[in-house]
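Presented below is the structure to which this report refers.
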Amino acid sequence: MDAVHTLGSLRRTLLLRLLAVWLLVTPLAAGIGYWVEVGKFEEGLVALTMQQLHSLSPEIHGGATAESSPLAERTREFVGRNYVWIRVFDARGVLLRQIDNPARHALSQSLLARASPLEADGRRHFDKLVVDGATIIRIMIRLPDENGSQGRMLEGAFELDHLQLVQQRDKLLRFLGGIVLVSLATALALYPVILALNRGVVRASRDILRGNVETAAVLGAAIAKRDSDTGEHNYRVTLYAVALAERLGLERGQIRNLILGAFLHDVGKIGISDAILLKPGRLDDAEFSAMKQHVGLGLDIIANSHWLAAAGEVIGNHHEKFDGSGYPRGLRGEEIPLNARIFAIVDVFDALMSERPYKAPMSLEDALDILREGCGSHFDATFVDVFADMAEGIHRDVRGLSEAALSQMLADQIPRYFFLTEPPR
């Protein structure tokens with residue numbers, strides 16, 4: 001029976017949740033995007049390196065020496081740009097030759113000292129590392145021999161120059177920035193859509209809840225009419241109970257339960273015969289014993305309703321007395337639920353102030369005197385003192401009002417406890 005969120009709180013909640021999702025998803029998407037982009041960049045370097053290395057393969061199998069062969073000349077031209085070295089291995093992984101870039105001799109020596117050898121197992125291997133502040137790409141490929149079978153292996157070490165790194169960084173930053181902007185734009189675009197959907201849910205939930213409250217009120221009024229030919233009693237005791245609960249500082253949820261209990265406190269009287277219920281005089285012991293059964297009958301009626309379960313505190317305990325002499329369980333003091341202690345006061349007060357087939361209405365002073373006399377025995381004295389201070393004002397507000405006027409007065413108060421504000425439009 002939680003209160004339905006208002007449009008304002010719904011907007012705030014939705015914005016906060018979308019922001020939270022955005023903050024969670026954006027780093028994840030950015031991380032995946034970073035991994036993909038870096039992978040694409042490295043794959044591009046691998047493809048370029050493989051293309052360059054494969055271009056050398058026809059000359060690897062020649063018999064020329066490392067210094068005079070066309071391979072050496074092309075390799076020098078090749079490595080003169082970015083390569084640190086070119087290394088050739090036989091099918092068993094034995095190094096046959098190595099051609100270093102003279103311009104990167106120191107880097108080559110550092111790389112040899114720090115880098116672990118790539119496996120010469122016939123498969124392509126790729127490695128990226130930083131040596132002396134330089135970013136190095138190494139790749140090992142197997143080259144086909146003259147017969148087309150897998151023969152020698154070729155390893156190339158390639159230094160990424162500063163311009164390439166800056167370009168890659170800028171491209172990556174633009175890509176990540178795009179992810180952030182797209183995810184933010186998506187969240188903002190979803191906001192009005194989700195808000196519109198939730199407005200419908202809010203309206204439907206509010207209508208259902210309002211219908212439940214109205215049904216409880218109608219059922220309580222119908223039972224009250226059996227007892228006194230009017231439903232005014234139910235509305236007055238509910239208004240009294242709410243006013244006292246507010247003065248005592250009860251929470252909204254507690255007051256919601258009190259309202260339901262006040263509506264339905266005598267619902268069990270539907271199972272009491274008219275001969276007893278409408279008897280103009282006092283009930284004898286047998287009749288009173290039968291009348292007391294309305295408490296248990298009321299609890300049975302609401303037993304299968306989860307929504308009405310909270311009304312059970314009042315239905316089942318509003319005839320308990322503070323000294324333990326009440327019924328049905330003989331609870332005493334604070335064993336009696338708080339809402340039942342509140343309701344017992346206002347129920348008796350309204351009964352004393354109302355005309356019944358067997359009695360005339362009492363004056364306000366006489367009714368309050370009876371409540372005070374019952375302090376500590378029938379009623380919680382603290383609650384009676386609070387109610388006595390406010391009784392004149394609340395009684396003046398409801399005195400003489402018709403059932404329709406009382407119903408409207410209560411309907412004006414109910415949204416404060418079952419809804420936070422008026423429904424969204």
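Positions are given from 1, in the same order as the sequence printed here.
Side chains of Y235 and V398 form no contact here, defined as non-hydrogen atoms less than 4.5 Å apart. Side-chain contact between L239 and Q413: present, with at least one pair of heavy atoms (C-beta onward) separated by less than 4.5 Å. For the pair L111 and I136, the minimum side-chain heavy-atom distance is below 4.5 Å. Residues R114 and D132 are in side-chain contact: their nearest non-hydrogen atoms beyond the backbone lie under 4.5 Å apart. You'll find the side chain of I345 stays beyond 4.5 Å of the side chain of Y240, heavy atoms only. The shortest side-chain heavy-atom distance between E155 and P117 does not fall under the 4.5 Å cut-off. Taking 4.5 Å as the limit, every side-chain heavy atom of V84 sits out of range of all side-chain heavy atoms of D100. Here the side chains of I370 and L352 are in contact, with some heavy-atom distance below 4.5 Å.
For the atom pair CD1 of I259 and CD of Q254, the computed distance is 11.5 Å after rounding to the nearest 0.5 Å. Atoms CG and CZ, from L258 and F263 in turn, are 10.5 Å apart once rounded to the nearest 0.5 Å. To the nearest 0.5 angstrom, E373 atom CD is 10.5 Å from F379 atom CZ. For the atom pair CG (L368) and CE (M353), the distance works out to 7.5 Å, reported to the nearest 0.5 Å. The NE2 atom of H378 sits 9.5 Å away from the CD atom of E320 when rounded to the nearest 0.5 Å. How far CZ of R87 is from CE of M153: 11.5 Å, rounded to the nearest 0.5 Å.
S354 and R236 get closest at one heavy-atom pair: OG-NH2, 3.0 Å. Considering every non-hydrogen atom in both A245 and I255, the closest pair reads CB-CG1, 3.9 Å. Of all non-hydrogen atoms in L244 and M390, the two that sit nearest each other are N-CE, 3.7 Å. Closest of all the heavy-atom pairs between F322 and G376 is CD2-O, 3.9 Å. Closest heavy-atom contact between G312 and N317: O-ND2, 3.9 Å. P337 approaches L331 most closely through the heavy-atom pair CD-CD1, 4.4 Å.
Remark: D389 CG is packed, more than 12 non-hydrogen atoms of other residues, nucleotides or ligands lying under 6.0 Å away. Around CD of Q109, the count of heavy atoms belonging to other residues, nucleotides or ligands within 6.0 Å exceeds 12.
Between the side chain of N101 and the backbone N or O of A103 there is at least one donor-acceptor pair closer than 3.5 Å. Checked by atom type and distance alone, the side chain of H318 pairs as donor or acceptor with a backbone atom of I315 at under 3.5 Å. Checked by atom type and distance alone, the side chain of T238 pairs as donor or acceptor with a backbone atom of N234 at under 3.5 Å.
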*Between F349 and V237, is a side chain to side chain contact (heavy atoms under 4.5 Å, CB included) present by the stated rule, with each step listed?*
CA-CA 8 Å; F349 175 77; V237 294; over 6 Å; no

*Decide side chain to side chain contact (heavy atoms under 4.5 Å, CB included) for L338 and I342; before the verdict, give the C-alpha distance in whole Å, the side-chain angles of both, and the deciding distance to 0.1 Å.*
CA-CA 6 Å; L338 186 149; I342 290 174; 3.4 Å; yes

_From CA spacing to verdict: side-chain hydrogen bond (donor to acceptor under 3.5 Å, both in side chains), D323, S377_ = CA-CA 5 Å; D323 63 1; S377 56; 4.9 Å; no

*asked:* For F158 and I139: C-alpha separation, side-chain torsions, deciding distance, then whether side chain to side chain contact (heavy atoms under 4.5 Å, CB included) applies.
replied: CA-CA 9 Å; F158 178 85; I139 185 168; over 6 Å; no

_Would L277 and M291 count as a side chain to side chain contact (heavy atoms under 4.5 Å, CB included) here? Give the steps._
CA-CA 8 Å; L277 194 62; M291 176 65 83; 3.9 Å; yes

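Remark: of the listed residues H319, H233, H294, H233 is the sole one forming a ring-ring contact (aromatic ring centres under 6.0 Å, His included) with H265. Evaluated for a salt bridge (charged side-chain N to carboxylate O under 4.0 Å, His left out) with D380, the options R341, R332, K321 yield exactly one hit, R341. Checked options R138, R104, K128; the residue passing with E159 is R104 (criterion: salt bridge (charged side-chain N to carboxylate O under 4.0 Å, His left out)).
Side-chain polar atoms of N257 and E313 form no donor-acceptor pair below 3.5 angstrom.
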